[in-house]
Amino acid sequence: MALFLRNARALLGAAAVATAGAACYPGGGGSNPPLDSLYFPVGLAVSPDGSRLYVVNSDFDLQYNGGTLQSYDLQSIRNAAVGQIADGGACAEQVPTNDFLGLGCAPPQPVTAYLTSSVVIGAFAADLQLSLSNPKRLFAPIRGETAVLFADVDDQGNLSCPGGNGTRCASGNYVGNDPNAPPANTRHSVMSGEPFGIAQTLDGTAIVVTSDSDTTASVLSSGIPASSADGAVAAQSVEVSPSLQYVLSGLPFAGTGIAAIPHDRALNPPPCETSNEQLGCLRPAFLETNHSTAEIDLLRYYSDDDSLNPSGNRPFLQREGAFPLTATTGSDERGIAIDDSPRSSCRASGGDDSACAILPARVFVASRTPPALVLGEVGTPPSNYSGSFDPDLLTIVGTVPLPSGPSRVYRAPVIDRNGNYSLRIFVTCFDSDLVVVYDPETRLWDSIHVGRGPFAMAFDPFPTDAYHPNDSAPWGQAAPSDRPYRFAYVASFTESFVEVIDLDNSRPMSPSTYETVVFALGEPMLPKGQ
Amino acid sequence: MRIGLVAGLATVAGIAVVATLVACSQTVSPPVVRTMAQPQKVDVVCLHVLDGSGVPLAQYAPVSETQCTPVPPNVTGGAMQYHLFALVTQRLRGELGVVDLTNGQVVDEDRTTPGINLIPVGLQPTDVVVAPDAQLTFVSTAADGMTGIDVIENTRLLGDSTGSPALPPLGLSDLMGCSLPVAPVALSTIAAPSGSPGTAYYLVALLAGSGGSPGAMVTIDPTGFQETLDDAGATGAVAPGSFSPCKIVGRTSISGVLPGATWTPGPTWPDGVPYAEAGDLRDGEPSLGLACSGGSLTAGDGGTEASSGAPVDASADGQGGGQAIAFPSGSAAFPTAMVMRNDGRPLAYVADGALPLIHVIDFSFPARPVELDPLLTTSVDNPSRVVSVGWVALSPSTRDYKRYLYAVDTADGSVMVFDVTDPDASPHVPLRRPHAELNPLIPVDRLKFSAPAAAVVFAQHDWPVLSPATPSDTVNEFTGLLCNPNPNAHPNDTTFLDVGAYYRADQTSVVQAQEGITPTLPYRLRGVFAFVTLSNGTMVVVDVDDWDAPCRRPDPMSTDPDAGEGIVGLTAGMTGQLDIPELPATDANDLDPYHAPLVFAAGPNITPPTTSGVTLEAFFPVSAPHRVRSSLLLAQSGGGGVVLPALSGQPQLFDVNGAPLSVSAGIGQRNPLILATPLPAGFFDPDYVNNSLAPHPSDRSALSIPAVAPGTPPPPPSVRISFDDPTVHQTQDWTVTYEGALPSVIGISSDLMTSDNYHTLTLNASGAQLCSRGIEDWDVGQSRVAEVLAARGAASIPVDAVPIDPASWTADYVEFTDDLLASTDQYWSLPSSDANDCWNDINGGALADPPNSTGPSVHAADRYNFCFASYDAAVNADTHFSRDFPILRAYDNEVVIGRFAWDPGPDSANPLPELTTNRTIVGSDPSNVPFLEQARCCFHHQAAFKVRTGGEWVAVGTENVGLLHHVSADGSSAADGNSGGRCVLSCNPKDVLLNARAFDVPWADSTCAPLPTGAASIVTDRNSPLAMRNPMLSFVMWAGCGALPSVGGQTYDHTLNARDSVWRFAVGPGFSPLTVAIGQVSGSPASPQSMRYINSLGQIAVVDGSLQGLILYDLNTIAIGGGPYY
């Protein structure tokens, strides 16, 4: 460990020098990264049809000259995982135990059998997202490039970047570091600092990226047309490259997490994403966290894209407000997730559409110090003193203490004992090697012991309205043997592998594998010097 | 396993240095090894562990909690016979920690295993409760598939740590237990009805809702567990390790049914003035405005619709009027917490996390629990909000036999107050704060804190005094006494006719010392108090029933300067609106603590006191029910320097560039002068009393009292501090700026559009909540002017003191703050079109393209240059008045603007420029077309703006207060299609002090000769329409005097005030709540989880999730009394 730390300090020293320039971490020299290995994975994404798992690796110790972006055959992974827990599988035959790696009954498997495609990218990726409006495009903030990488993927899971499998992504795949990137960067802007958090407008037309090392946030056009008003995913192929549009300054130092506020379609005025940018529509907004100031900032996105604005589609951001964070004693906030399931739950219960639309959405923020999940609500109903609904007003309502090192926050359903979807909030706790599973209804939480340094998660696809309590899973009352499992995927940063967690609590298994690791993708590998 | 885990953590900590991936040089401290892991709930049990010689008993025995006493100073707790143990649930690992509070250590249950080991229980323990007879401990567990109750014999609580021979440590299979069908959320016990056979108590469990089914409460017969204690072989005994179903003898589902469809806000809780009915204070407060008093508005050109004040919420004043209950359809009850009441009629109050209810379950018949009418959790401010509750606490009885329930609102972390004295007849809705307008910064029906409340506990605490007759009898000491400052109660140096007089402020030494200290106020807690832990790790003390309240006051409390033998003198009078004079004692036998208008007494047998019998604080009430307690005496020397809010130096006037401006005689008199408001009749200002703590009022003298009227030479500038409610004060820097920018309007971009062919221009900013930002349009401005002019008329101010009707220039206006697009931007070359028609009338049409043009415009450069010449760069926006446009009508989502016009003067070749001092508002008008087209085109149909207060001064607290206003959206759907409602002034009485704006008040003619009426008579007090009064302070802005500039003998200006002239001053210190920081224990942050008052210790146990341990707070010292234990 000492050797590793010395190396790391040296690297960090170099990085600190480089921070003054465009990027904190220049790409390392040397050989290309192995295409068939996981190496400090920091971002996961699952395709909407559940057929692909995408992984971005960060090359964090700069052993290579870049990181990688990979595409895996998720169906094969799932089949292997099911094999572990189905009758006769290893997990069905033994009580899962948490060994040193955090694995239960799942011996690690090499990635090669599941890898579809891999391309080389810059060092120090920070996250990975699929476009919300076209699942064939991936976005990853790359700190080493001070840019956002985009890569398209074909129906077979092959990454095009643009050279295809095994190649290095071209400069044209990085957005934000070229002031003269034609033609859409009309402001000739460049990103600054280190891009870190990423979020999209609800229609996927724009991307907002936080900066971890300065006071800016950047907005990019995704290059993808908006999804249709009913939320259907656009089917056309991707033809337009993303482009940097605007860099907002004056934010608190070190932006980390960011999430789009889910404006309900039944609001009045309606969200711009669902109203074709009609006059007076409600513009998209984001909540951004940071780890320097005890506040959460409200950023408003302006598409500048309607008939009133003849200057054309040139989006920009405004910092519209800041919500002081007095609920904790610290000022180090990380991931953020927003859950609007109270609205879908209201509708599922027969509630009036417009009344359900103005229910607050729940906000979950990971606080590093003290380690806690900060609970909030965004959206304030009309009051006697304010005649209108404020969809973007954040109220902090409390905290839930967590194990040390909470970082990213996700929302996804599990399958409860009755076979229904049940919403959970997942928090990766890096320092304690845990994934905390918080039930926002009961306000209780479990934890799952995982490999070292859990950093990113992804989940099997689920309907976006499958959050409200007791929402039947699509297979209804089908026999357990006929039902698919439901899994979560966790990237272990420190040991460079991905674990698969069973999230189905409805099966009469004994021992139960619910909320245990049932499969490991990749050979766990400690950093050099460990 | 534990060693391996620690090693793993250490390794990970090293990796974490690198892998946090969020900063180039971030470090992570090594993890602290802790025995506890996610502790949550706590109860206590007293065990007899040592014999009289200090030798461990062969078998320690559970005993009554009262046997365990605090550890006296300089005594080793470990040698005491009875030890109090805290039992703390450990959520992460499913354990129960046992902490020896007497000896100050965590008990190691298994000394054969390295480390400190705890008692294993089922996973996810949710609560712990000790049986009333102390024999058993019950732990509820919620692990999936293993929901139930684990039962521990308290004779084995200490594992193998003591006893002779030591018993083996408990394992999970050693525990008794029983299963429940769903997860228990909370546990408690109730006494069995008298005369009933079998057990002396029942266990009560609150079960969570499951699968759409509501939660339930069950009564569990613990007989089987008790029989195991008595005879493990008995027929009904429960075998260790068993987990058969609990013996449920009573059950009721938590109802999801609402008792009624409407509610009305509850009554107010006591205001702390028990001797008088303060009544409605409105007569002593400003007007809410003409719109609220039925007066008509002067509809201006912008007033296409007469605005009216926002409707008064009659129900908010308890005037009746049912409010629909916000009740989520289809939701089932979702119990989250409970508190038991055992004062004769066993009741459980169950918080609901889904429905706006607190369920009330009657366990009078344990086998047949019955749900009574629930308490409604409502919100006066947001009636449509579904208020869910996460924590409840029940107070002990107060001196007036009241019991209160505090409930934490999970939506905002505030605390609701219910009166539950009579479970049937008491109000079933939250009480309201009396005189809420005096502190409008907190909700009317809530206690609000600096961070969300996490948990609440009540405690009744006292500092007893010994009987004067038997001073050595420390057992039969006096307790529960109300402090009595009445001179009749202590007529001479040696006589105390009411023992409550021992608690007078000058009798501190009489109070029995505890733990080696004799307390002084405000740290002397006597009475009933609530302790609220906040999510940021702060514990706040709330006064509920302070028995020292009668002695915390000014002296005298009389407006009669001759009261009390003619020695009242200087400080006769009220300090605030609730400092109501007390009636004198009817005779020498009248010992009423509130019949003491003058506490100071003189007489032949009285030694002149050096300290007063009361605290001589400047506010009254100082200690009011359900109000945060001050950490300092609110007196000029309140225990650590000056704590009364006061001006920190004189206000200073600056120009727009920050250069100081003179307000002295001569040229300085052309500048406005800020002065304190005159005191209302019957009031005095405690900020200007010298030697204010002298017990003899005649020993006090006046400091230089600020002048309240201008003159020549001008008096020093000042403001008047309010002493109505101490909690409203905050340390604050204030600015009062002429036509200042509203700090609430920043970062808003708007679409520029027109619906009337540019007679007006609309700035649409959907979602911007413009009303809540305090924007006042021309209609509101004219309404204010009408009121001000009426007041001026009443003061006989000549009309010519106002050169131009202020109604023509009083309105908020926007100032565009954006830069123009760059000259190279493609926008400038876009051809004119229907959507881009605004070039048509600009510059005589020279910038427009021919009809149907499609190619790039040839006017691109001309357009940019023209616009730049008109508006300049954003950095110069404040000095380019062409960027200003008056707001004719303001709505929640948009503002409609007109333009400013001014008289260019007689010389057309050299027209007078537009100035903020010479322009007037042009409403909707055809003449606006070129100006508004130009604005739209030059700013490419979209611009950000700020808003300034045209013609008015605006006071802003620059730290936390910000802009105080009572503008709200009226909820109307405007006739012109604007949604979100019109911005109007609220007529809610609660908002009457939410003010920031002030007008110039003329007092002299252009030669600075005072007006005939005399300046002193123009403004009578702080409630005049000519004054600005907010909850913290008040002032009058007296106009500068001098001739206005003229051209050719003609005056074109209407004011001497320059925009952005600003008065600056600081007021402080603010109210300082009595708090304890949990995190200060180890320098770590805190995340409180639960609390419990330990009556036998006089301490509060706080379980903290961040420290991952247990901390004790001592109510004698208001400081840490033990721990942290982890």
Q) Can you find a side-chain donor-acceptor pair between A:N290 and A:S292 that sits under 3.5 Å? A) yes
Q. Is it the backbone or the side chain of A:R300 that comes under 4.5 Å from a heavy atom of chain B, or both, or neither?
A. side chain
Q.
Does either side chain, that of A:S422 or that of A:N420, offer a donor lying less than 3.5 Å from an acceptor on the other one?
A. no
Q: Under 4.5 Å heavy-atom distance to chain A, tell me which part of B:S388 shows up: side chain, backbone, both or neither.
A: side chain
Q) Taking every heavy-atom pair that is under 4.5 Å apart, which of B:G413, B:S450, B:A183, B:S749 has the most such pairs with chain A? A) B:S749
Q | Leading residue by heavy atom contact count with chain A [cutoff under 4.5 Å; candidates B:R91, B:Q40, B:H966] | A | B:R91
Q. Relative to chain B, which segment of A:L402 carries a heavy atom at a distance below 4.5 Å: side chain, backbone, both, or neither?
A. backbone
Q: Name the region of A:S447, side chain, backbone, both or neither, that has any atom closer than 4.5 Å to a heavy atom of chain B.
A: side chain
Q: Anything under 30° is parallel, anything over 60° is perpendicular, the rest tilted; go ahead and classify A:F455 against A:F430.
A: perpendicular
Q. Looking at A:R319 and A:L248, what are the two nearest heavy atoms and their distance?
A. N-CD2, 3.8 Å
**Q.** Residue part contacting chain B, namely of A:E377, when any heavy atom lies under 4.5 Å
**A.** side chain
Q) Is it the side chain or the backbone of B:S414 that comes within 4.5 Å of chain A heavy atoms, both, or neither? A) neither
Q. For B:A454, is it the side chain, the backbone, both, or neither that has a heavy atom closer than 4.5 Å to a heavy atom of chain A?
A. neither
Q: Mind telling me whether A:F316 and A:Y302 have parallel, tilted or perpendicular rings, with 30° and 60° as the class edges?
A: parallel
Q | Mutual orientation of the aromatic rings belonging to B:Y827 and B:W839 [parallel < 30°, tilted 30-60°, perpendicular > 60°] | A | tilted
Q) Less than 4.0 Å between a side-chain N and a carboxylate O, is that true for A:R283 and A:D392? A) no
Q | Part of A:P403 lying under 4.5 Å from any heavy atom of chain B | A | both
Q.
Looking only at the side chains, is there a donor atom on one of A:N505 and A:E515 sitting less than 3.5 Å from an acceptor on the other?
A. no
**Q.** Contact winner vs chain A - B:A944, B:P452, B:A768, heavy-atom pairs under 4.5 Å
**A.** B:P452
Q | Contact origin within B:T410 toward chain A - heavy atom pairs under 4.5 Å | A | both
